[in-house]
Number of protein chains: 2
Amino acid sequence: MRHMNHLHRHLHDHWGKHLHERMHAMGRGHGGHGGHGPFGGPFGDGFGFGWGGGGGRRRGRGGRARRGDVRAAILALLAEEPRNGYQIMQELEQRSQGLWRPSSGSIYPALQQLEDEGLVREQEGGTGRVFELTDAGRQEVEGLDEEQRTPWEAATEDAGDEALDLMSAFKSTAAAAMQVFRAGTAAQREEAKKILLDARRAFYRLLADEPPERTKK
Amino acid sequence: MRHMNHLHRHLHDHWGKHLHERMHAMGRGHGGHGGHGPFGGPFGDGFGFGWGGGGGRRRGRGGRARRGDVRAAILALLAEEPRNGYQIMQELEQRSQGLWRPSSGSIYPALQQLEDEGLVREQEGGTGRVFELTDAGRQEVEGLDEEQRTPWEAATEDAGDEALDLMSAFKSTAAAAMQVFRAGTAAQREEAKKILLDARRAFYRLLADEPPERTKK
DNA sequence: ATGTCGATAACGACATATCGTTGGCGTATC
DNA sequence: GATACGCCAACGATATGTCGTTATCGACAT
């Protein structure tokens, strides 16, 4: 109950000074994000097989979100219903199928800024820090086009398709499985097991139908 | 500036012996959803699967530490040098080879209690909340035997339990995927990717269709 | 048109705290 | 001596914030 003051000495320091003018047509391009867990990846290093070829090495993705995506995402989600910072993070993770989970280091400063700009406000009477749009905020959202209103899909777009390499596909699927295991109900876990075993069956069929060597079919 | 005061309004609430008036300040808001599977341990955050080598769980049951381990570990580590809560967590993770990382939900309440008991004290002048032993604390450490002084080593002892059922589904699927990765043709890998992404989609649909209990207000 | 440069958004790591739930284990009971 | 009971420590999830570093992308120069 004494100290800790230093912790919030400057809430607005980091990127707190805000000039209004932003959110313009960000020309397409990469979105997504790749890294997940705090570990470099048990599937990357843990397996130890180089699997090096594959074509494009460090694949274009893996980059971070575009410059305004967090802001736009927050506005879009709050346009649906009031939420707190943590819920925003969770919701974005789910909507992007686990590909984009902005960290607290992105969300909270952004919320701070939006509050300063008067686009969001802390809901009164709430239990924690639940934010809702102001009128100005609602107006801002209206000025966004469809793509800007759903920045989480940018993460799935390219990433979910061709550009994604195998390892990333594996990782993201594993992450999805963990989600179900951890947050799901017993019934959901049961379903998840079926999905996994179906996938396994599909893999083996793959190998059987089109063997890498000999035994043509 | 405003908020955050509530964060430490009652530092001693949770399991302080002498609980004074308990109020929920900000707590609540959304009950922390239903019981989830016991997937703690190695699968904590970023799925640190130990397959491929080490692995092994915690002492016997489920994987939880024994009853005074956190407390003893803190005392033992602070006997070496002053540290903050986060550093204690990290140090324990390292010393147990990644098998035991007490969560903040264990560390901070324990530090609180130790402070109340007068065994540790917050170092003055430090930048954050750095704790050091008091004389009483040093004495307490001396009363511990070798094993109590190194609770992190108990985590390295192994015991296999079930729940592997679910995991084995995952593992065998992963093994199948690896087969394809290693021995498959480019076309097969392409197919494998689709299978994985289908599975991922299925997982997320699972979560979306039957929400465990969204943290809604 | 291309390159490069700088402001700053996004990021991961660090840090702290609380809540509801679970399970370790001491004790009372059979 | 087993076991049933219950307290409370340990835990994961929730929640919010900061800091140093990295990379995006408009702007300006070439």
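To find a chain, count down the sequence lines: A is the first, B the second, and so on, and within it residues start at 1.
- A distance of 10.5 Å separates CZ in R101(A) from CD in Q94(A), rounded to the nearest 0.5 Å.
- From T150(A), atom OG1 reaches atom CG of L77(A) across 10.5 Å, with rounding to the nearest 0.5 Å.
- A distance-only check finds a donor-acceptor pair linking the side chain of Q87(A) to the backbone of N84(A) [under 3.5 Å].
- With DNA chain D read from its 5' end, the first of the two nearest nucleotides for A110(B) and M89(A) is the one closest to A110(B).
- Nearest approach of L196(B) to T173(A), heavy atoms of both residues: O-OG1, 2.8 Å.
- Whole-Å rounding puts the E93(A) CD to dA13(D) C1' distance at 13 Å.
- Checked against dT16(C), dC11(C), dA15(D), the side chain of N84(B) finds its nearest nucleotide in dT16(C).
- If you measure from atom CZ of R101(B) to atom P of dA15(C), you get 10 Å, rounded to the nearest angstrom.
- A straight line from CD of Q148(A) to C1' of dC25(D) spans 15 Å, rounded to a whole angstrom.
- Rounded to whole Å, atom C1' of dC19(D) lies 15 Å from atom CD of Q112(A).
- The heavy-atom pair separating W152(B) from W100(B) by the smallest distance is CA-CE3, 3.9 Å.
- Atoms CD and CD, from E140(A) and Q148(A) in turn, are 9.5 Å apart once rounded to the nearest 0.5 Å.
- R66(A) has no side-chain polar atom (N or O) that falls below the 4.0 Å cut-off from OP1 or OP2 of dA23(D).
- Heavy-atom distances to DNA chain D give each of Y86(A) and G68(B) a nearest nucleotide, and the one nearer the 5′ end belongs to G68(B).
- Taking atom CD1 on I88(A) and atom P on dA15(D), their separation rounds to 11 Å, with Å as the unit.
- Per the geometry, CD1 belonging to I74(A) stands 12 Å off C1' belonging to dA9(C), to the nearest Å.
- Listed nucleotides: dG17(D), dT14(D), dA15(C). Nearest to the side chain of Y108(B): dA15(C).
- OP1 or OP2 of dC11(C) lies within a sub-4.0 Å distance of a side-chain N or O belonging to W100(A).
- Checked against dC11(C), dC8(D), dA17(C), the side chain of R67(B) finds its nearest nucleotide in dC8(D).
- Shown here is Q90(B), whose CD atom has more than 12 heavy atoms of other residues, nucleotides or ligands within 6.0 Å.
- In this structure, G105(A) reaches the bases: a heavy-atom distance under 4.0 Å links it to at least one base atom across the strands shown.
- Residue S106(B) has a polar side-chain atom (N or O) positioned under 4.0 Å from OP1 or OP2 of dC11(D).
- If P109(B) and V70(A) are placed on DNA chain C by their nearest nucleotide, the residue sitting closer to the 5' end is V70(A).
- In this structure, CD of Q179(A) is placed 14 Å from C1' of dG12(D), rounded to the nearest angstrom.
- For the pair R71(B) CZ and dC11(D) C1', the interatomic distance rounds to 19 Å; values are reported in whole Å.
- Closest to the side chain of R129(B), out of dA17(C), dT18(C), dG17(D), is dA17(C).
- Under 4.0 angstrom from either OP1 or OP2 of dC14(C) there lies at least one side-chain N or O belonging to Q90(B).
- At distances below 3.5 Å, not a single donor-acceptor pair connects side-chain atoms of R149(B) with backbone N or O atoms of A76(B).
- Here the nucleotide nearest the side chain of S103(B), chosen from dC11(D), dT24(D), dT16(C), is dC11(D).
- Of all nucleotides listed (dA17(C), dC11(D), dA10(C)), dC11(D) comes nearest to the side chain of R64(B).
- At its two ends the helix from dA1(C)-dT30(D) to dC30(C)-dG1(D) runs along axes set 30° apart, each axis drawn from five pairs and the angle rounded to 10°.
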